[in-house]
Protein chains: 2
Amino acid sequence: MKSNKEEKPYDVSRYRTPDGYTSDIAVFTITSEKTKAYAPPKMELKLMLIKRAQQDTEGNLNIEPGKWALPGGFVTPEETAMEAASRELEEETGIAGIHLKHFGVYDEPGRDPRGWIISNAHYAIVPEHRLFERKAHDDAAEVELFPVQDLEQHLLAFDHASIIRHAITHITRDLLQTTVAKQFLPELFTYSELQAVLLTITDDKSIQNEQAFARKIKTLPFIEAVEGQKTQRTSKLPTQLYRFIDAEVKQSIYTARH
Amino acid sequence: MKSNKEEKPYDVSRYRTPDGYTSDIAVFTITSEKTKAYAPPKMELKLMLIKRAQQDTEGNLNIEPGKWALPGGFVTPEETAMEAASRELEEETGIAGIHLKHFGVYDEPGRDPRGWIISNAHYAIVPEHRLFERKAHDDAAEVELFPVQDLEQHLLAFDHASIIRHAITHITRDLLQTTVAKQFLPELFTYSELQAVLLTITDDKSIQNEQAFARKIKTLPFIEAVEGQKTQRTSKLPTQLYRFIDAEVKQSIYTARH
DNA sequence: CAAATAGTGTCTTTGAGACATTATCAA
DNA sequence: TTGATAATGTCTCAAAGACACTATTTG
């Protein structure tokens with residue numbers, strides 16, 4: 001861990017410590033647009049960003065004003081960055097108990113004009129309905145949801161453009177390779193709801209095809225049909241409900257079909 | 001990113017900064033034991049650990065002496081943790097240009113008795129032959145390779161037991177779901193060599209079976225046979241050599257067979 | 001020849017893919 | 001009845017799995 005080299009009194013770097021440790025959060029939500037009654041929703045993956053104010057509440061100039069940024073804040077010594085993320089998220093949006101995942105650390109020298117500041121980045125999955133009650137934060141001039149496709153064109157603070165790219169890469173991979181998709185869905189869901197979630201980040205043919213996907217969902221070892229449970233929220237015909245079960249998903253590129 | 005709350009003068013946490021930022025490295029290697037001539041090697045995944053000395057070269061007591069630990073050290077403001085890992089690895093083992101991957105951050109309050117120290121953890125893949133020239137570091141009483149199975153029984157410094165568990169989880173998943181296995185192999189390799197690497201971390205039936213795996217390797221989109229290239233290092237019969245090619249591997253648990 | 005690994009032949013079974021068909025219900 | 005989604009029937013084709021067998025080379 002620490003080598004003696006740094007502990008020796010003559011080592012100049014001994015007392016160089018970071019100027020700050022922050023936790024940033026890429027808050028993703030999927031908005032469902034009900035096109036009509038008795039039909040599966042059109043879903044779209046969106047990222048929540050905050051527009052940095054010109055000045056803080058004391059009247060001092062803010063840093064990187066007017067740019068869009070990920071919510072976040074400084075971590076205190078009494079908490080982990082994950083706990084800080086959870087706390088910030090609650091302060092920002094008023095919601096707690098959200099799925100959070102670490103996906104990277106940003107420590108490039110010069111990434112933050114304020115000094116040597118290390119950012120621990122997470123993504124969060126927030127079901128749309130829980131975002132309704134969100135409230136503005138003190139330095140957040142605006143809070144807005146952006147479809148993940150057209151994020152490139154906005155002016156982003158610090159190195160957040162890069163962080164956001166990685167966040168999208170990670171959540172996309174996790175949605176396809178783990179069962180996090182359940183964080184976007186109700187406890188019980190139909191095949192077309194799961195399909196709509198997956199289609200926000202993939203255009204895979206066998207996921208696009210209704211019949212194929214409806215058949216496939218029955219064979220997945222980590223999803224089970226809930227006998228006798230049906231809903232009419234996606235069609236006039238009562239539709240089978242499914243739930244995720246705790247089953248370890250082991251996969252390998254050396255055994256899968258290609 | 002930073003909220004005004006922390007910038008206000010009355011906020012006590014404003015000046016609380018970490019006492020250090022370290023980079024730790026889980027150095028993995030696969031040792032090949034040639035059981036006999038003209039046979040595939042028996043391979044085993046091992047992790048390199050350092051035994052912390054009782055005192056440093058100045059005669060001061062060292063922290064966590066006698067315990068096994070991951071190599072690593074403090075990150076300076078002029079570098080990223082990844083660069084620090086690369087530098088430390090070179091100082092420690094004399095080797096450069098090694099595959100490194102970030103897999104986690106450790107920032108639990110109290111994890112390090114010296115203060116609020118954040119560890120950015122990476123794993124490294126070092127081919128066995130490059131470890132031969134490794135040399136002892138100044139505070140490393142001993143350097144040793146441990147098979148990943150029997151790491152639990154050793155006394156580990158700080159929270160390294162936990163970090164190591166995560167490192168093994170991550171490298172295992174990456175070996176099966178990405179093409180990092182190539183980091184353990186020569187440029188050109190036989191099906192049985194790749195098989196031996198994979199069998200260090202899985203007991204999957206279709207990887208264990210020679211015929212099945214020999215057939216499967218020909219169909220993998222990210223591996224190609226190198227026409228006309230054969231070797232006799234794994235058998236008396238000249239054997240086809242393969243190489244990894246740059247092909248994007250997209251997989252999904254919703255489309256794979258289960 | 002014996003032994004060991006590499007590689008093929010072939011049969012069975014499973015599931016993916018495609019396409020058509022049926023079921024159910026609201027408007 | 002129309003229109004929409006859900007669900008099934010069925011056929012084809014590709015690949016997985018299993019097992020036997022052949023090929024090549026060294027000692």
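In what follows, chains are A, B, ... by sequence order, proteins preceding strands, each numbered from 1.
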From [atom1] of [X] over to [atom2] of [N], roughly how many Å is that when rounded to an integer?
X: B/Lys205; N: D/dG17; atom1: NZ; atom2: C1'; result: 12 Å
X: B/Phe213; N: C/dG7; atom1: CZ; atom2: C1'; result: 15 Å
X: A/Glu193; N: D/dT5; atom1: CD; atom2: P; result: 14 Å
X: A/Gln240; N: C/dA23; atom1: CD; atom2: P; result: 19 Å
X: B/Phe189; N: C/dA6; atom1: CZ; atom2: P; result: 14 Å
X: A/Ile207; N: C/dA16; atom1: CD1; atom2: P; result: 12 Å
X: B/Arg257; N: D/dA14; atom1: CZ; atom2: P; result: 13 Å
X: A/Leu237; N: D/dG3; atom1: CG; atom2: P; result: 18 Å

Just compare [options] and give me whichever is closest to any side-chain atom of [X].
X: B/Lys230; options: C/dG7, C/dA26, C/dG15; answer: C/dG7
X: B/Gln232; options: D/dT5, D/dT25, C/dA6; answer: D/dT25
X: A/Pro238; options: C/dA6, C/dC25, C/dA27; answer: C/dC25
X: A/Ser206; options: C/dA6, D/dT5, C/dG17; answer: C/dG17

Applying a 4.0 Å non-hydrogen cut-off, can you work out what [X] is touching in the nucleic acid: base, sugar-phosphate, or nothing?
X: A/Gln211; value: base
X: B/Lys216; value: sugar-phosphate
X: B/Thr190; value: nothing

So, for B/Leu175 and B/Leu198, which heavy atoms are closest and what is the spacing to 0.1 Å?
-> O-CD2, 3.9 Å
Non-hydrogen atoms of B/Gly97 and B/Arg130 that approach each other most closely |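 Minimum heavy-atom separation between B/Gly97 and B/Arg130: O-NH1, 4.2 Å.
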Within less than 4.0 Å of OP1 or OP2 of [N], is there a side-chain N or O belonging to [X]?
X: A/Ser192; N: D/dA6; value: yes
X: B/Tyr191; N: C/dA6; value: yes
X: B/Lys236; N: D/dG27; value: no
X: B/Thr234; N: C/dA6; value: yes

More 5' along DNA chain C: B/Thr239 or A/Asn209, using each one's nearest nucleotide?
->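 Closest to the 5' end, via its nearest nucleotide, is B/Thr239.
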Between B/Ala256 and B/Ser235, just flag the one whose closest nucleotide in DNA chain C comes earlier from the 5' side.
->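 So the residue in question is B/Ser235.
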Pair [X] + [Y]: ring centers closer than 6.0 Å:
X: A/His160; Y: A/His154; result: no
X: A/Phe222; Y: A/Tyr242; result: no
X: B/Tyr123; Y: B/His170; result: no

N/O donor-acceptor pair, side chain A/Arg215 with base C/dG17, under 3.5 angstrom |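 Counting by modelled atom types and ignoring angles, no donor-acceptor contact under 3.5 Å is found here.
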Heavy-atom side-chain contact between B/Ser252 and A/Ile207 under 4.5 Å = yes
